[in-house]
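Here's the structure, in structure tokens; my notes come after.
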Protein chains: 2
Amino acid sequence: MTFSEENYLKTIYHLTSVSDADISTNAIAEKMETKASSVTDMLKKLSEKDLVNYVKYQGVSLTDKGKLAAKMIVRKHRLWECFLVEKLDFSWDEVHDIAEQLEHIKSEKLINKLDDFLGNPTEDPHGDPIPDANGRIIKVEKQLLSEFEKNQIGICVGVKDTSSDFLKYLDKQEIALGSQIEIIEKESFDSSFRIRVGTKEITISNKIASNLYIK
Amino acid sequence: MTFSEENYLKTIYHLTSVSDADISTNAIAEKMETKASSVTDMLKKLSEKDLVNYVKYQGVSLTDKGKLAAKMIVRKHRLWECFLVEKLDFSWDEVHDIAEQLEHIKSEKLINKLDDFLGNPTEDPHGDPIPDANGRIIKVEKQLLSEFEKNQIGICVGVKDTSSDFLKYLDKQEIALGSQIEIIEKESFDSSFRIRVGTKEITISNKIASNLYIK
DNA sequence: AATTTATTTTAGACTTGGCTAAAAATATAT
DNA sequence: ATATATTTTTAGCCAAGTCTAAAATAAATT
Ligand SMILES: [Mn+2]
Ligand SMILES: [Mn+2]
Ligand SMILES: [Mn+2]
Ligand SMILES: [Mn+2]
């Protein structure tokens, strides 16, 4: 499988996990910052290889084979992210681009040994689940902070947006995975939140709250 | 720089280290298992980018820029080999193919952090020197075992052939980097050697002796 | 229901890196 | 000095993956 094929599969997998319905050519094109015509070409190719179910004009979904392949790429991406953060001391906002490259390294033995070396982590540095060697994923219940109400308390367990900008903002506010967060006030006018993180009290916009997973 | 360009540079670098003269199109083609016509195409491209000095029919050599680029790829290859052996517990005959992929990962920060994580090794699992971040290499004096004479004693510090077959043969004979080797007898008829490795006495062919570096 | 708009596919072109076969240049042998 | 062999380059083709522009289909509006 080529890098390109792998990237398409991964994108379809990620889009599926949010919408559930068949994925449109345009949605893929947008996510991958490419042209719809290029997507059409690739969908034919992936369909030929039984990695996707594709009917012209009707959108696309992953076959079981395609889904497993996608999960294996995600597994590699997230394990490498763990490696970079845990072992090489990268910060969580620096690892994504490097993992985008590393996820294409082909060696089952390598990724399984890396998994063991890291102590078989179940989540990556952004709180996303890591599929095991068989593609199984441990789902953890979590809600967006924006859905919480006044006086509720939770632990930050993940981020929805993994952009460097957002992650750096969280660093600045000293919000990390594992931080305890308490809702002090929810402003009805703009849906912003007054929260306590550790000992500090801060105000965050609804946009921020909509990108933090809490348990 | 593409994977292909990097592989050509690396090949030219390795060929240079043995012959010193300009490298022929055919020599590159043979080493890379490709066609001379493909090599010619790539040499034009590398020349355009000032990575090689290339004159039609006259062979090719690396420019300073090309040599540094080649060394950085070799650096990555060898550091990743160390990682695989030291940290992930691969054996020395399994790491080459994986390192062939990993050497193309683009991130200076990654490779320098990996270098530190490994304790800044100066040699890879096969005894080959690892260029530092500036491309500097620590040269170690070493001779082929085949050049040794009766009663000489040395330490095995490297292998010339790094094929899996050869390395597995060495494992079987319990010859590893660091092993003490003593020449008991040199057979004049076929230039084979009777040697002592640790406590064992074995006979090795001249071909084997010509692929072991001793200090 | 007809028409307009948006989405998706097709057609044709381009780039990269490969190939074969033929031509040109260089090296070797007579 | 000439003929032969080898090496290298050129010319022309192919496949993958991308693009633009045009055509086809589906969805939305009137
Ligand atoms: Mn990531
Ligand atoms: Mn992640
Ligand atoms: Mn190697
Ligand atoms: Mn090596």
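Every chain is numbered from 1 and lettered A, B, ... according to where its sequence line falls, protein lines coming before strand lines.
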Nearest whole angstrom, please: distance from the [atom2] of [N] to the [atom1] of [X].
X        : N       : atom1 : atom2 : result
Glu6(A)  : dA16(D) : CD    : C1'   : 15 Å
Met32(B) : dC19(C) : CE    : C1'   : 15 Å
Phe3(A)  : dT16(C) : CZ    : C1'   : 15 Å
Glu5(A)  : dT18(D) : CD    : P     : 10 Å
Glu33(B) : dG18(C) : CD    : C1'   : 15 Å
Leu43(B) : dT10(D) : CG    : P     : 11 Å
Asp41(B) : dT16(C) : CG    : P     : 12 Å
Met42(B) : dT10(D) : CE    : C1'   : 18 Å

(request) Verify the contact: side-chain N or O of Lys44(A) to OP1 or OP2 of dT10(C), cut-off strictly under 4.0 Å; return yes or no. (result)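 The answer is yes; a side-chain N or O of Lys44(A) sits under 4.0 Å from OP1 or OP2.
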(request) Taking only the side-chain nitrogens and oxygens of Ser4(A), find out if one of them lies under 4.0 Å from OP1 or OP2 of dA16(D). (result)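 The answer is no; no side-chain N or O of Ser4(A) sits under 4.0 Å from OP1 or OP2.
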(message) I'd like to know whether NZ of Lys207(B) has more than 12 heavy-atom contacts from other residues, nucleotides or ligands below 6.0 angstrom.
(response)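 Counting other residues, nucleotides and ligands, NZ of Lys207(B) stays at 12 neighbours or fewer.
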(message) With salt bridge (charged side-chain N to carboxylate O under 4.0 Å, His left out) as the test, pick out the partner of Glu6(B) among Lys106(B), Lys71(B), Lys49(B).
(response)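 Only one option passes, and that is Lys106(B).
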(request) Apply the side chain to side chain contact (heavy atoms under 4.5 Å, CB included) test between Ile181(A) and each candidate in Ile214(A), Ile204(A), Ile155(A); give the one that qualifies. (result)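 Result for side chain to side chain contact (heavy atoms under 4.5 Å, CB included) with Ile181(A): Ile214(A).
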(message) Regarding Tyr8(A), tell me which of base, sugar-phosphate or nothing describes its non-hydrogen contacts under 4.0 Å with the strands shown.
(response)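 Sugar-phosphate contact only - Tyr8(A) comes under 4.0 Å of backbone atoms but never of a base.
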(message) Is the terminal nitrogen or CZ of Lys87(A) (NZ for Lys, CZ for Arg) located under 6.0 angstrom from the six-membered ring centre of Phe117(A) and within 45° of that ring's axis?
(response)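 Yes, cation above the ring, under 6.0 Å and within 45°.
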Look for any protein N or O under 3.5 Å of an N or O in nucleotides 20-22 of chain D and output each such pair with its distance, or none.
{"residue": "dT20(D)", "atom": "OP2", "partner": "Lys35(A)", "partner atom": "NZ", "Å": "3.1"}
{"residue": "dT20(D)", "atom": "O4", "partner": "Ser37(A)", "partner atom": "OG", "Å": "3.0"}

Can you give me every donor-acceptor pair (side chain of residues 140-150 of chain B, partner residue at least two apart or in another chain, under 3.5 Å) with its distance?
{"residue": "Lys142(B)", "atom": "NZ", "partner": "Gly127(B)", "partner atom": "O", "Å": "3.3"}
{"residue": "Lys150(B)", "atom": "NZ", "partner": "Glu185(B)", "partner atom": "OE1", "Å": "3.3"}

(request) Classify the angle between the aromatic ring planes of Phe83(A) and Trp80(A) as parallel (below 30°), tilted (30 to 60°) or perpendicular (above 60°). (result)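 It falls in the perpendicular class, over 60°.
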(message) Regarding Asn112(B) and Arg75(B), do their side chains bring together a donor and an acceptor under 3.5 Å, going by distance alone?
(response)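 Result is yes, a qualifying pair exists.
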(message) Quick check: do His14(A) and Lys10(A) have side-chain heavy atoms less than 4.5 Å from each other?
(response)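 His14(A) reaches Lys10(A) side chain to side chain.
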Please write out each protein N/O paired with an N/O of nucleotides 4-8 of chain C under 3.5 Å, distance rounded to 0.1 Å.
{"residue": "dT8(C)", "atom": "OP2", "partner": "Asn26(A)", "partner atom": "N", "Å": "3.0"}

(message) Salt bridge check, Glu94(B) against Lys113(A): does any charged N sit closer than 4.0 Å to a carboxylate O?
(response)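 Salt bridge absent between Lys113(A) and Glu94(B).
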